[in-house]
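None of the values given here were measured: they were computed from a predicted structure. Here, residue 1 is the first one in the sequence, and each next residue gets the next number.
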Amino acid sequence: MSRPGGPLTLEVTAYANGGAGIARSDGRVVFVDGALPGERVRARITDDSRSSYAKAAVEEVLTPSEHRVAPRCPAAAAGAGCCDLAFVEPAYARRLGADALADVLRRIGRFDLDELPPPDVEPLGGASTGWRIRTRLAVGRDGRAGLRGRRSAEIVTEPCVAPVAGLLEQVDGLGARPGTEIVLMAGTDGVRHAGELAAPREGDVRGRRRGDAARRRAQRSRGARSAPRELRMLVGDGSVTHRVGDRSWRIPVTGFWQAHRNAPEVYSAAVVDLLAEAGVAGTVHAWDLYGGAGVFSAALIDAGPSRGLDVASVDLVDTDPSALAAAAAVFGADPVTTHRGGVAETLAGLRSPQVVVSDPPRAGAGLSVVDGVAAAGPEAVVHVGCDAASFARDLGRYAVHGYRVRGWRAFDAFPLTHHIEAVAVLTR
């Protein structure tokens with residue numbers, strides 16, 4: 001094995017969760033960024049610190065896959081950390097995502113996929129560009145704004161193809177100061193909002209997160225997105241209108257909302273459909289965990305009755321006060337009670353539910369939350385995951401408590417990237 005920086009020629013045989021191709025050198029696994037199964041590439045080792053595997057990046061494609069295309073995203077081609085699969089046919093990228101999800105469901109979740117075949121990855125819309133309604137850019141010393149480099153602090157000013165039309169228009173002329181960041185979000189009403197976030201204070205950058213304590217910190221970070229950094233609005237008034245079904249939310253420009261313009265509608269329908277397909281019906285009390293502004297609560301209340309599900313009340317739990325305030329404004333007299341706090345710490349004080357919807361951050365729910373949900377004994381759990389490995393781990397933990405997956409779906413939530421969103425319904 002060559003040292004970091006040294007070239008080697010590799011035959012790529014498979015695709016890994018996380019977007020890298022899998023090759024072997026002297027019997028050792030090498031994860032190769034920018035490579036596809038079936039390709040022969042010349043690659044440079046970027047990380048040789050572990051005995052079991054190494055990481056590499058493609059320098060030259062010697063034998064290309066038939067599914068390789070010219071990169072569609074100028075920013076990614078210039079090294080930005082955005083569209084890491086911009087060089088792959090979108091339909092084939094979804095096949096790779098489905099294979100990666102199946103692999104972690106089998107290896108990490110310990111699921112028998114002969115009994116319940118894994119889901120295909122569905123597109124969220126017809127286009128693989130122009131889907132992103134929110135983004136964050138760094139402003140360089142020269143005043144130009146761009147995305148950060150992949151695994152680097154470099155600012156890449158070439159445009160990304162993911163944002164919706166107009167979101168990045170004349171972004172360098174908005175007046176943001178060097179060293180700050182620009183947060184941009186487009187509302188359902190077509191209005192663009194942009195704000196300048198002051199430079200992070202020294203010590204705000206934290207190390208890598210691990211374990212259940214890390215998952216709690218990841219959840220709390222949702223509540224810290226808009227603070228403590230000073231926000232100066234550049235365009236718009238700072239509150240963005242988002243509409244799902246017959247309801248409208250007002251969300252801070254720094255707040256959390258699904259990045260894909262179609263995601264809230266599609267995911268809401270998927271949750272209700274999966275519950276109905278699993279035979280869950282009747283009058284229920286529900287938990288909406290990591291519920292943010294309550295999009296899933298609204299889906300249960302509004303769409304549930306047409307599928308035989310009467311949601312009498314909901315406990316909505318999140319750490320973000322602005323999201324919970326938005327939920328309170330939307331629900332009014334609806335039977336939704338909001339709870340500010342970490343999910344693991346809040347569960348014990350809630351009334352036992354019949355239905356639980358859980359949509360944790362990328363790190364997943366973790367053992368303490370899954371165990372707490374299972375102890376409450378709901379008839380059905382709908383679990384949402386934006387990281388395939390965490391999703392598989394959490395589902396596997398539910399299985400330990402006697403829950404079985406009755407149905408699942410997966411979505412190309414971030415087109416031209418390796419990221420997918422998965423949803424599963426489990427019952428006992």
Side-chain angles (χ1 to χ4, degrees), residues 4-5 18-21 31-36 41 43-47 55-61 68-88 90 93 127-186 192-200 204-206 208 225 229 234-235 253-254 259-261 362 386 412-419:
F31 295 106
V32 190
D33 280 343
L36 294 174
V41 301
R44 170 180 49 86
I45 295 295
T46 58
D47 184 351
K55 295 180 180 179
V58 169
E59 289 192 334
E60 181 182 1
V61 179
R68 179 178 285 271
V69 298
R72 302 183 65 188
C73 179
C82 50
C83 306
D84 62 327
L85 296 185
F87 62 94
V88 187
S128 56
T129 60
W131 52 268
R132 177 177 279 278
I133 63 167
R134 62 179 177 89
T135 193
R136 182 176 294 202
L137 306 176
V139 182
R141 293 181 179 178
D142 59 358
R144 299 188 66 192
L147 294 168
R148 294 287 185 185
R150 192 175 188 197
R151 302 189 184 97
S152 81
E154 178 186 358
I155 298 175
V156 178
T157 57
E158 282 79 357
C160 177
V161 296
V164 296
L167 189 63
L168 301 183
E169 184 177 349
Q170 298 181 342
V171 71
D172 290 335
L174 295 179
R177 294 164 292 186
T180 63
E181 290 183 316
I182 305 174
V183 288
L184 300 109
M185 188 182 291
R192 177 176 74 155
H193 301 256
E196 177 199 79
L197 279 177
D204 277 356
V205 178
R206 294 171 175 83
R208 190 174 181 180
R225 292 176 192 274
R229 296 170 64 182
L234 306 172
V235 176
V253 68
T254 54
H260 197 295
R261 64 194 314 169
R362 190 169 300 280
C386 57
D412 189 11
F414 305 90
L416 302 186
T417 80
H418 71 273
H419 299 289

Novice: What residues form a side chain to side chain contact (heavy atoms under 4.5 Å, CB included) with Arg261, not counting sequence neighbours?
Specialist: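 Residues passing side chain to side chain contact (heavy atoms under 4.5 Å, CB included) with Arg261: Ile133, Val164.
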
Novice: Under 3.5 Å, side chain of Thr46 to main-chain N/O of Lys55, donor-acceptor pair present?
Specialist: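 Side chain of Thr46 to backbone of Lys55, a donor-acceptor pair under 3.5 Å: yes, one is there.
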
Novice: Tell me the closest heavy-atom pair linking Val69 and Ala86, and the distance in Å.
Specialist: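 Result for this residue pair: CG2-O, 4.0 Å.
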
Novice: With sequence neighbours left out, which residue pairs that include part of residues 151-166 fulfil the salt bridge (charged side-chain N to carboxylate O under 4.0 Å, His left out) condition?
Specialist: Asp33-Arg151

Novice: Just jot down the side-chain hydrogen bond (donor to acceptor under 3.5 Å, both in side chains) partners of Arg192, sequence neighbours excluded, or say none.
Specialist: none

Novice: Please step through side chain to side chain contact (heavy atoms under 4.5 Å, CB included) for the pair Asp142 and Thr157, ending with a clear verdict.
Specialist: CA-CA 11 Å; Asp142 59 358; Thr157 57; 5.7 Å; no

Novice: Which residues satisfy the side chain to side chain contact (heavy atoms under 4.5 Å, CB included) test with Glu181, sequence neighbours excluded?
Specialist: Arg136, Leu197, Arg229

Novice: Test your reading of the model: is there a side-chain donor-acceptor pair from Glu196 to the backbone of Arg177, 3.5 Å cut-off?
Specialist: yes

Novice: Measure across Ala186 and Leu167 and return the closest heavy-atom pair with its distance rounded to 0.1 Å.
Specialist: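 Result for this residue pair: N-CD1, 3.9 Å.
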
Novice: Not counting sequence neighbours, list each pair that qualifies as a side chain to side chain donor-acceptor pair (under 3.5 Å) and has a residue in residues 165-174.
Specialist: none

Novice: If the condition is side chain to side chain contact (heavy atoms under 4.5 Å, CB included), which residues does Ala138 pass it with, not counting sequence neighbours?
Specialist: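 By the side chain to side chain contact (heavy atoms under 4.5 Å, CB included) rule, Ala138 matches Arg148, Ile155.
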
Novice: Ala259 and Phe414: which non-hydrogen atoms are nearest, and at how many Å?
Specialist: CB-CE2, 4.0 Å

Novice: Just jot down the ring-ring contact (aromatic ring centres under 6.0 Å, His included) partners of His260, sequence neighbours excluded, or say none.
Specialist: Trp131

Novice: Out of curiosity, Arg68 CZ to Leu36 CG, how far, rounded to the nearest 0.5 Å?
Specialist: 5.0 Å

Novice: What is the minimum heavy-atom distance between Leu85 and Gly19, and which atoms define it?
Specialist: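 Answer, listing the atom of Leu85 first, then Gly19: CD2-O, 4.2 Å.
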
Novice: In chain order, what residues pass the side chain to side chain contact (heavy atoms under 4.5 Å, CB included) check against Ala80, with sequence neighbours excluded?
Specialist: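 Per chain and number, Ala80 pairs via side chain to side chain contact (heavy atoms under 4.5 Å, CB included) with Ala75, Cys82, Leu147, Val156.
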
Novice: Would you compute the distance between atom CG of Leu174 and atom CG of Leu137 and round it to the nearest 0.5 angstrom?
Specialist: 9.5 Å

Novice: Within the 4.5 Å heavy-atom criterion, are Phe31 and Asp47 side-chain neighbours or not?
Specialist: no

Novice: Identify the heavy atoms of Leu416 and Pro90 that sit nearest to each other, and give their distance.
Specialist: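 In terms of heavy atoms, the two residues are closest at CD2-CG, 4.4 Å.
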
Novice: Which residues satisfy the side-chain hydrogen bond (donor to acceptor under 3.5 Å, both in side chains) test with Arg72, sequence neighbours excluded?
Specialist: Ser128

Novice: Which atom names give the shortest non-hydrogen contact between Cys83 and Thr417, and what distance separates them?
Specialist: CA-CG2, 4.0 Å

Novice: His418: what forms a ring-ring contact (aromatic ring centres under 6.0 Å, His included) with it, not counting sequence neighbours?
Specialist: none

